[in-house]
Protein chains: 2
Amino acid sequence: MGGLMRRPTIMDIAKAAGVSKGAVSYALNGRPGVSEETRGRILAIARDLGWAPSSPARALSPGGRVGAIGLVVDRPAHSLGLEPFFMQLVSGIETELASSGVDLLLQVTEDMGAEIAAYRRWSAERRVDGVIMVDLRVDDPRVRVVEELSLPAVLLGGPEGTGSLPCLYTDDAGAMREVVHYLAALGHRRIVQVAGPEEFMHTRARVRAFLDAAEQAGLGEARSVYADYTGEAGTRTTRRLLAATDRPTALVYDNDLMAVAGLGVAHEMGVDVPSQLSIVAWDDSVLCRLVRPSLTAIVRDVVSYGRQAALMLGAAIGGGAVETREAPRGELYPRASTGPLGA
Amino acid sequence: MGGLMRRPTIMDIAKAAGVSKGAVSYALNGRPGVSEETRGRILAIARDLGWAPSSPARALSPGGRVGAIGLVVDRPAHSLGLEPFFMQLVSGIETELASSGVDLLLQVTEDMGAEIAAYRRWSAERRVDGVIMVDLRVDDPRVRVVEELSLPAVLLGGPEGTGSLPCLYTDDAGAMREVVHYLAALGHRRIVQVAGPEEFMHTRARVRAFLDAAEQAGLGEARSVYADYTGEAGTRTTRRLLAATDRPTALVYDNDLMAVAGLGVAHEMGVDVPSQLSIVAWDDSVLCRLVRPSLTAIVRDVVSYGRQAALMLGAAIGGGAVETREAPRGELYPRASTGPLGA
DNA sequence: GCCGTCTGCTTAACCGGTTCAGTTTTCTGT
DNA sequence: ACAGAAAACTGAACCGGTTAAGCAGACGGC
């Protein structure tokens with residue numbers, strides 16, 4: 001119990017076992033070059049001493065990994081807390097990382113310049129082995145940057161505009177078609193999508209699918225308006241839409257936060273949900289289940305999505321060629337916020 | 001342009017400048033030992049080469065820092081997304097870290113055993129220089145562990161039961177008294193607190209303050225019931241409370257998530273808010289502002305709270321003696337969910 | 001003219017691992 | 001019993017920084 005223990009090194013193990021540093025290294029890494037008997041002895045000593053490899057030392061060796069990956073979330077801090085998507089994603093990423101002892105570096109930035117600076121710094125300072133990037137944009141400059149840095153990366157989004165990077169994408173168009181058909185079947189004719197920021201690829205995909213599906217269903221007046229995912233934008237946009245003379249009878253929101261805000265506005269303006277207005281939220285969350293009426297939503301398994309992404313990034317870091325994959329698309333979960341008009 | 005560049009090292013700079021490694025190190029770290037002229041030349045070369053210090057190499061040096069701190073969030077993944085508190089905290093921590101180039105490692109765990117294992121691993125593998133711990137518990141085993149590991153740490157909570165660790169705390173009792181007086185002044189006599197998990201220190205403090213303040217205000221029937229911060233618990237508890245013959249006329253929830261769930265239940269049971277029931281949420285969030293009626297809440301500047309914690313941890317890592325500090329307490333923001341009975 | 005000090009730099013050790021090139025030991029075959 | 005190969009292990013270099021110790025030359029004092 002005497003004094004504060006220096007953390008044990010392989011040299012301590014080597015001395016205790018009466019062998020050289022090299023032998024200990026071979027033993028601990030399960031590599032040939034040491035007899036099974038010696039290996040057993042070394043492992044036992046390492047366990048007794050409570051040894052764990054020093055991550056910096058490992059990383060320093062030629063070809064060494066730092067054992068960490070990075071995730072930058074580029075959203076205004078105040079709107080962030082509300083998006084369960086990210087925390088679930090993080091949680092999914094970590095369940096995958098846990099088995100391999102890899103850590104996650106999280107950074108929250110206010111703009112894409114800062115996000116790119118983070119990648120540059122992480123790469124230059126050798127702080128991560130790779131990164132997961134979300135919210136793929138049109139002509140996304142981040143793609144160029146990580147390619148130039150030759151920083152292993154996996155993109156969430158696509159599958160277009162991803163350069164040489166592997167990506168994990170979902171069929172947002174398919175899910176959106178399901179939503180539109182569902183609303184058309186309920187008898188809605190004037191439907192509007194409150195979309196995310198126009199520069200996001202997934203916004204584009206959803207908008208295109210929304211308008212196409214609406215046209216095919218004969219819903220001539222369908223249109224999309226862009227917003228920025230914040231509650232304020234949801235409030236403002238909804239107020240404007242509902243104040244129009246020919247107000248829509250159904251609204252499809254690109255995130256849960258705006259949908260909840262929209263529900264609040266409808267309530268405030270005396271528009272009953274769902275008898276006078278149907279509401280659909282894109283990503284589901286506890287939030288959608290908690291508010292009254294509960295919100296019909298597109299449900300995705302975000303946790304597996306994150307896990308899958310981490311798995312792909314691990315492969316990319318390992319040096320393998322990783323191919324783009326499609327994750328299961330979201331499905332529509334009808335709840336209390338949608339229904340036929342006047343019901 | 002030719003081929004992929006190896007990342008530059010101080011050796012490359014030394015060669016280009018015609019000096020030794022050591023001189024370069026002195027120059028780059030602003031230490032004496034080189035002439036101002038040489039220093040300038042070395043800095044210029046470093047800039048041209050796009051040099052950045054290798055974090056693992058730095059950490060390996062005797063007395064070297066790894067330049068990262070850790071935060072473990074120990075909450076079930078599905079309930080997590082909804083608590084803006086954590087993302088705001090992270091955001092605050094990072095604004096402070098950004099200036100010193102320190103990174104944040106985030107881990108989400110499902111139980112405290114895993115949380116403790118994370119601290120042990122981080123310390124053993126030298127992955128962090130220190131940690132910030134949240135949700136201080138009664139007889140918190142984590143305190144012992146980080147003390148034993150001599151891992152620099154800052155606690156959010158307390159100020160009791162923190163052992164030798166510095167902590168950053170808020171006067172929850174004061175804020176709670178404000179809530180009770182406010183409700184009493186509105187004429188409420190039967191009030192109930194839907195508290196967080198009993199094992200949390202801040203739950204204890206709030207419950208004690210709630211009951212004491214209620215008694216002083218002559219609200220004999222006040223009581224607290226424990227819940228676990230999830231929406232489900234909020235729903236279940238509220239349903240039970242409102243079904244009683246002498247149902248409470250005001251409810252104080254320990255987080256925003258349960259408060260929103262409670263609001264939904266009231267709506268469902270035909271209990272009007274605020275004319276028949278007043279609702280107060282502890283931590284404010286976009287959520288409280290979005291739902292209808294908007295929720296009266298205790299507002300704290302969580303971002304500064306995180307920044308302050310990061311600052312203290314930086315000092316602790318630097319070796320200084322850091323003393324426990326009090327952060328500004330939360331304040332009551334009345335909104336639409338509270339009012340006099342029958343109004 | 002000589003000693004001492006200060007400046008500006010170099011040399012080399014060190015941090016804790018990995019790995020390659022040898023060297024010694026053990027095993028195998030005939 | 002002995003050569004040759006394979007297995008077990010050692011020693012040293014290396015990764016990219018930091019830092020203590022050493023050393024050459026300039027400068028000042030007396």
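Below, all heavy atoms of this structure are taken into account, side chains as well, without hydrogens, waters or symmetry copies. Just so it is clear: chains get the letters A, B, ... in the order the sequence lines come, proteins before strands, and each one is counted from 1.
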Distance-only donor-acceptor pairs under 3.5 Å for side chains of residues 57-72 of chain B, two or more places apart:
residue, atom, partner, partner atom, Å
B/Arg58, NH2, B/Asn29, OD1, 3.2

Set out, line by line, the N/O atom pairs under 3.5 Å between protein and nucleotides 22-25 of chain C.
none

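With a cutoff of under 4.0 Å to any heavy atom of chain A, the contacted region of DNA chain D is bounded 5' to 3' by D/dA8 to D/dG16.
Contact annotation: A/Ser61 side-chain N/O to C/dG17 OP1/OP2 distance is not under 4.0 Å.
Once rounded to the nearest 0.5 Å, the distance linking OG of A/Ser55 with CZ of B/Arg127 reads 4.0 Å. Rounded to the nearest 0.5 angstrom, B/Glu94 CD and B/Leu89 CG are separated by 10.5 Å. Distance check: B/Leu165 CG to B/Leu155 CG gives 5.0 Å after rounding to the nearest 0.5 Å.
We find that CD1 of A/Ile10 is positioned 14 Å from C1' of C/dC14, with the value rounded to whole Å.
Panel note: side chain A/Gln88, backbone A/Val302; no donor-acceptor pair is recorded below 3.5 Å. Here the side chain of B/Arg142 pairs a donor or acceptor atom with the backbone of B/Val134 at under 3.5 angstrom. Side-chain atoms of A/Ser100 come within 3.5 Å of backbone atoms of A/Leu97 as a donor-acceptor pair (strictly under, hydrogens ignored).
Nearest-nucleotide mapping onto DNA chain D: of B/Ala23 and B/Pro56, the residue sitting toward the 5' end is B/Pro56. Nearest-nucleotide mapping onto DNA chain C: of A/Leu60 and B/Lys21, the residue sitting toward the 5' end is B/Lys21.
If you check every strand for non-hydrogen atoms under 4.0 Å, B/Ser54 touches sugar and phosphate atoms only. Within 4.0 Å (heavy atoms only), A/Thr9 reaches sugar-phosphate atoms of the nucleic acid but no base atom. Counting non-hydrogen atoms under 4.0 angstrom, A/Ala17 reaches nothing in the nucleic acid.
A donor-acceptor pair shorter than 3.5 Å can be found between the side chains of B/Glu147 and B/Ser164. Remark: the A/Trp122 side chain and the B/Asp103 side chain contain an N/O donor-acceptor pair separated by less than 3.5 Å.
Contacts between residues 26-48 of chain B and DNA chain C, defined by a heavy-atom separation below 4.0 Å, involve B/Tyr26, B/Gly33, B/Val34, B/Ser35, B/Thr38, listed by number.
Not a single ring pair (Phe, Tyr, Trp, His ring centres under 6.0 Å) links A/Tyr305 to another residue, sequence neighbours left out. Annotation: side-chain contact (heavy atoms from CB on, under 4.5 Å) contacts of A/Thr95 (sequence neighbours excluded): A/Arg307.
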